[in-house]
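Single-structure report; data block below.
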Amino acid sequence: MKAAVYHGPRDIRIEQVLEPQIKGNRVLVEFRSGSICGTDLHFYRGEWKWLKKGRILGHDACGRREDTGERVVMVPTVNCGHCYFCLRGLPTYCTRGKFYGMTRDGFFMERKAMQPRNLIPITSDISDEEAAVVEPVALALRVLNHFQPNVGDWITILGQGAIGLLMTQVALMKGCRVIAADLLDYRLELAKKYGADAAVNPNREDIIKVVRQLTKIGSNFVIEAAGTTQTVEQTPFLVRKVGKVALVGESQGYLNLEDADEAQFFTVYLSPIEYPAAVDLIERKLVDVKGLITHKFKFDEFQKALQTADNPAEKPLRVIITQ
Ligand SMILES: [Zn+2]
Ligand SMILES: [Zn+2]
C-alpha cells in the first residue's frame, strides 16, 4: 500500500510500505481524506529537522473503519494513562505521549491500524473533506476554553491562516469582538466575512496603534497564530493589564513584560480533549471549515499538494488530500 514518507527537507515521497499489522484490539481504518498542516510544512521546509527519516506524515484525517464500516475522525495523540500528568487528568502533557505524524507514523497511508478509542464516528452531516480539518477547530476550542472570555471582550488574533480563521470563528461564537491581523489581504477578507470587527494588515497599519484605539486599554486576549518571533514579541504591547496571551504558532521570542501588569502568557498545544466537541461544531455547521479548503489533491499528487501549501502565490489555507 502507498504512504507519504519523509526522507528529509523537500523530500517527501509517496511510496510502497508494508500493510499494517492488526495487534490487540486495533482495527483497520482505510484513509479517506486528510489535510496538510503548518507542522507538515515546517518539516517540508526543513525548519524542524528532528523528524525521523522514514516517518509517515499526517495528523489531521478521517477514514472508514473496516470492521464496522463507520466513517471516523482519527485523533492523533496517544497517552499512557499512568504517568504524573495522566494521573492528574492531564493527558495532553503525558510524559510518554505519542503524536501520530511526528513521533509515530501518521495518517497519510492507505490503511492504518488504530485503537478504537482514537476514533470518533461521524454522521452523514459531515463530509470526508470537512472531517479532514478537525485539528485546528480543536485547537481553537482549547485556546478559547483557556481564556474563558465574557461577551464583548476583545480578542486580537495575529495570523489568519486556517488556524487563526478558526480562532476568529470560535471567538465570535463566544460573543467576543475580534481584531484579526494578517499580512495577506485574502485572509483578512475571509476574517471579515466571518464577522471580525476589524481586519488589520500590519504592512499598512500599525497593529499596536489600532488595538489601542479600538480597545482603549488593550485587548483582553491576544492569540499569536502567525508563527513568527516578531508577532510573539508584539503580544505584550497588545494585551491589557491582567489580560491573557496564548502563543499557538511560535513559542520563541523576547517578551518585554515591562507594561504587561499581571498579564498571563502561555503556550497552547493540541490536545485530544476538545476533539469530540470540534467534530460536533463542524457537524452542526457552527464553524465553517469548508470555506478554508482552498485546494484538493489525490493521494498520488502529494508532492504537488505540499508545493501548493508552501506557495503563497497559490493563496492556500487548508490543502486537502483525498484517496
Ligand atoms: Zn497540525
Ligand atoms: Zn501519561
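For ligands, and for the atoms within them, numbers begin at 1 and follow the listed sequence. Computed from heavy atoms alone, side chains included, the values below leave out hydrogens, waters and symmetry copies.
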Indicate yes or no: does D185 engage R187 in a salt bridge with an N to O separation below 4.0 Å.
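No.
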State whether D300 and K2 are salt-bridged, where the test is any N-O pair (Lys NZ or Arg NE/NH1/NH2 against Asp/Glu carboxylate O) under 4.0 Å.
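Counted as a salt bridge, because a side-chain N and a carboxylate O are separated by less than 4.0 Å.
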Angle at the Zn ion (ligand 2) between SG of C94 and SG of C83, to 10°?
110°
Polar contact flag, side-chain donor to acceptor under 3.5 angstrom, T168-Q160:
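Yes, because at least one side-chain N or O of T168 sits under 3.5 Å from a partner of the opposite role on Q160.
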To 10 degrees, how wide is the angle NE2 (H59) to the Zn ion (ligand 1) to SG (C37)?
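If I round to 10°, I get 110°.
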In this structure, is the centre-to-centre distance between the rings of F299 and F108 below 6.0 Å?
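Not under 6.0 Å, so no.
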At less than 2.8 Å, would any N/O/S atom of C86, backbone or side chain, sit next to the Zn ion (ligand 2)?
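A backbone or side-chain N, O or S atom of C86 is under 2.8 Å from the Zn ion (ligand 2).
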Under 2.8 Å from the Zn ion (ligand 1), is there an N/O/S atom belonging to D40?
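So D40 does not count as coordinating the Zn ion (ligand 1).
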